[in-house]
Amino acid sequence: MADELKQFTETFEKSLKPGALKSSDERGNCIWLTVRQSDLLQACQVCMANDSVFDSAFISSRGNEPASSFIVYYLFRSAALGKMVVVQSQGKEFDAISADVNAARWDERKMQDLTGLKFTNIPDSRPLIFHPESEMPDKHPIGGKQLIKPKNQDYPIAGTGMEGEFQIAVGPVHAGIIEPGHFRFHVLGEQINKLETRMFYLHRGIEKSLEGKNLVESLPMIEQISGDESVANSVAFCHAAERAFSLTVPKRAEFIRAILLELERIYSHLADLGGMPTDVGFYFAASRFAVLREDMMRLNQQVSGNRFLRGICAVGGVTSDIDKSKTFIITKTLDEFLKRFEAIEHTTLTSSTYLDRVFSTGKVPKSAAEDLALVGPVARACGISCDLRKSLPYSVYSDLSINESMEANGDVLSRFLVKASEVKESVRLVKWLVHNLPSGTLSCPVKLPSDEEAVHFGVGWAEAPRGGCTFFIELSDSGKIDRLACKTPSFRNWRGIETCTDGNIVPDFPLINKSFNMSYAGTDL
């Protein structure tokens, strides 16, 4: 691996102009590459050309208020190195990489809204977070620049221009408990020609609100970014902080975290597996998946004291143990669960009515999934290997053999099959983890490393049920959060829905949407 890392860095530097690479460093399971502002776009292109996949982009400010300059961080997943590559640059203006890297379009639109910067040659300059027709803050959250409110309050959404095409506007207000999100269908008869999604109607400002807080008081809010991904988000956050602090978490704590992660994957996927039959009227299967999910939620309560597995993960380890009595309950419950799960899975997949509705519906082309850097079951249903437990292994996953669930057709049925397979794999992993749970302490002391660096950086990630989530954190020398940024799988995958509705009919959209099952809250941070 050392040779591969050296080769990557040398190739990276040779591919740029002389002097473009200002520094390189390996720390916190990341490769940090600092480049000149004028060479940032080329540096990102070099990463992509060397089999690295775009993950996310974040921005922070430097200098006096309002900020005199900004630092941008573009993150790429390198499966070959098993590390995250961070390309960073400081300046007052930047070229948009989304002109070449379509997956970065929402990231750069978000960075513009947060700072007031204008990325040169950005292909879509519309505001993402601050809707022009809604109330806006007086200043940009990062850097403190005065926010200039647009005179034109329109948010243009263009169709295909096909003769006879008309629009159907759905949302942002929905029935039931669905959070706000707008879907604009451009249709010709019943057929969808184009769909555009629009989110961020309830932008909560979580990233900004955590600035100045310590890690302990931040975790409860991190756990509620997206309700059914509480463990994944808290683990990724803890890993980012632990890498910034150079902490070594005890092995037993890492095992317990992994058990919670896999239990979370099971109950989260069960909601999706029941939701898809619900949207085609197959209530027999839907009700049984719902019963199984409730059983898993009750198991969560027995194991952790919380149905959503909250309050256990902490920076440096975990707050409570899983003793022998709990491991017995977990093993016994999962043995019974698996038999019932496989029975209802078989019933569902042998129903001709169900298969007729899900086969070839909402098909995501593999090329589109790669172009948008989709993650999680949505990407794996297109034949794309992207499970961070394998490609960028963290915690105990470095020592585990993960059977990555893959399908190739990219349709609703493929997403069902991937999630069903992942449930069974998570059952296997949990049983192995509880059987091999090592002895030892549950946490390590949390203290800043004794160096002279004023700000400590860390990047953490985890494979949430919906896909990879990534946290970027800057900590001051007192251990307070200077800057926190998060990319959830929902933020990455919402645009994927736009690629799989063309040629489908409007009544199939709820089914397609349910097979993705993105989190509105997990997007509107």
Side-chain angles (χ1 to χ4, degrees), residues 1-2 4-6 8-9 12 21-35 47 52-60 71-90 207 210 215 218-219 222 232-251 253-254 257-258 313-317 388-389 391-399 443-463 468-487:
M1 184 59 69
E4 293 175 349
L5 183 60
K6 181 180 179 182
F8 175 86
T9 306
F12 182 85
L21 180 62
K22 300 171 70 174
S23 66
S24 62
D25 185 22
E26 181 189 357
R27 50 190 165 86
N29 212 27
C30 296
I31 303 169
W32 299 78
L33 303 168
T34 304
V35 300
C47 280
S52 295
V53 178
F54 176 78
D55 179 85
S56 48
F58 305 126
I59 192 166
S60 65
I71 299 181
V72 293
Y73 304 87
Y74 288 89
L75 279 62
F76 298 86
R77 304 190 304 270
S78 174
L81 299 174
K83 297 181 183 296
M84 193 77 76
V85 179
V86 184
V87 179
Q88 63 185 60
S89 184
Q90 183 169 355
E207 296 169 331
L210 291 177
L215 300 173
S218 300
L219 258 174
I222 296 296
N233 286 327
S234 60
V235 167
F237 171 81
C238 288
H239 282 169
E242 287 154 4
R243 286 165 182 161
F245 281 4
S246 300
L247 301 180
T248 300
V249 177
K251 199 73 171 179
E254 292 284 26
R257 285 180 178 180
C313 294
V315 176
L388 296 185
R389 295 175 297 173
S391 60
L392 270 69
Y394 51 93
S395 181
V396 299
Y397 293 112
S398 301
D399 303 319
S443 63
C444 65
V446 178
K447 58 182 180 179
L448 286 166
S450 55
D451 56 30
E452 298 178 355
E453 189 176 7
V455 180
H456 305 268
F457 302 86
V459 177
W461 55 86
E463 183 68 24
C469 61
T470 306
F471 277 78
F472 171 84
I473 194 169
E474 292 181 10
L475 297 169
S476 67
D477 54 0
S478 64
K480 299 290 182 69
I481 295 176
D482 276 350
R483 172 80 175 109
L484 176 74
C486 169
K487 186 275 300 178

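In what follows, every heavy atom counts, from backbone to side chain, and hydrogens, waters and symmetry copies are set aside.
Here the closest heavy-atom approach between residue Phe237 and residue Ile473 is recorded as CE1-CD1, 3.9 Å. The minimum heavy-atom distance between Leu484 and Glu207, with the atom names listed, is O-CB, 3.2 Å. In terms of heavy atoms, Val86 sits closest to Cys30 at CG2-CB, 4.3 Å. Minimum heavy-atom separation, Ala244 to Leu475: CB-CD1, 3.9 Å. Nearest heavy atoms, Ser476 versus Asp482: CB-OD2, 3.5 Å. Residues Ile222 and Phe471 approach most closely at CD1-CE2, 3.8 Å, considering heavy atoms.
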With side-chain contact (heavy atoms from CB on, under 4.5 Å) as the test, would you mind laying out the steps for Met84 and Asp55 before giving the verdict? CA-CA 9 Å; Met84 193 77 76; Asp55 179 85; 4.1 Å; yes
Where do Leu247 and Val446 land on the side-chain contact (heavy atoms from CB on, under 4.5 Å) test, with the steps shown first? CA-CA 7 Å; Leu247 301 180; Val446 178; 4.1 Å; yes
Passes side-chain contact (heavy atoms from CB on, under 4.5 Å), Tyr73 versus Val459? Steps please. CA-CA 11 Å; Tyr73 304 87; Val459 177; over 6 Å; no
Let me see the working for Ser24 and Phe12 under side-chain contact (heavy atoms from CB on, under 4.5 Å), right down to the final yes or no. CA-CA 10 Å; Ser24 62; Phe12 182 85; over 6 Å; no
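When the side-chain contact (heavy atoms from CB on, under 4.5 Å) test is applied to Ser78, the partners found at least two apart in sequence or on another chain are Ser52, Ala80, Leu81, Val85. Applying the salt bridge (charged side-chain N to carboxylate O under 4.0 Å, His left out) test to Lys480 and every residue at least two apart in sequence or in another chain returns nothing. When the salt bridge (charged side-chain N to carboxylate O under 4.0 Å, His left out) test is applied to Arg243, no partner is found at least two apart in sequence or on another chain. Partners of Arg257 according to the salt bridge (charged side-chain N to carboxylate O under 4.0 Å, His left out) rule, which considers only residues two or more places apart in sequence or in another chain, are Glu242, Glu254. Legend: residues meeting side-chain contact (heavy atoms from CB on, under 4.5 Å) with Thr34, ordered by chain and number and at least two apart, are Lys22, Ser23, Gln88. Shown here are the ring-ring contact (aromatic ring centres under 6.0 Å, His included) partners of Tyr74, two or more places apart in sequence or in another chain: there are none.
Using a 4.5 Å heavy-atom threshold, the side chains of Phe58 and Val72 count as separate. For the pair Lys83 and Glu26, the minimum side-chain heavy-atom distance is below 4.5 Å. Residues Leu219 and Cys238 are in side-chain contact: their nearest non-hydrogen atoms beyond the backbone lie under 4.5 Å apart. Put simply, the side chain of Leu33 does not reach to within 4.5 Å of the side chain of Phe76, judged on heavy atoms.
Ring geometry for Tyr394 versus Tyr397: interplanar angle over 60°, hence perpendicular rather than tilted (30 to 60°). Ring pair Phe245/His456 is perpendicular by interplanar angle, where above 60° counts as perpendicular and below 30° as parallel. Relative ring orientation between Phe472 and Trp32 is described as tilted, the plane-to-plane angle lying within the 30° to 60° band.
Judged purely by atom type and a 3.5 angstrom limit, Lys487 uses its side chain to pair as donor or acceptor with the backbone of Gly468. Looking only at distances, no side-chain donor or acceptor of Glu474 sits under 3.5 Å from a matching main-chain atom of Ile481. Under a 3.5 Å cut-off, the side chain of Ser56 and the backbone N or O of Leu75 do not form any donor-acceptor pair.
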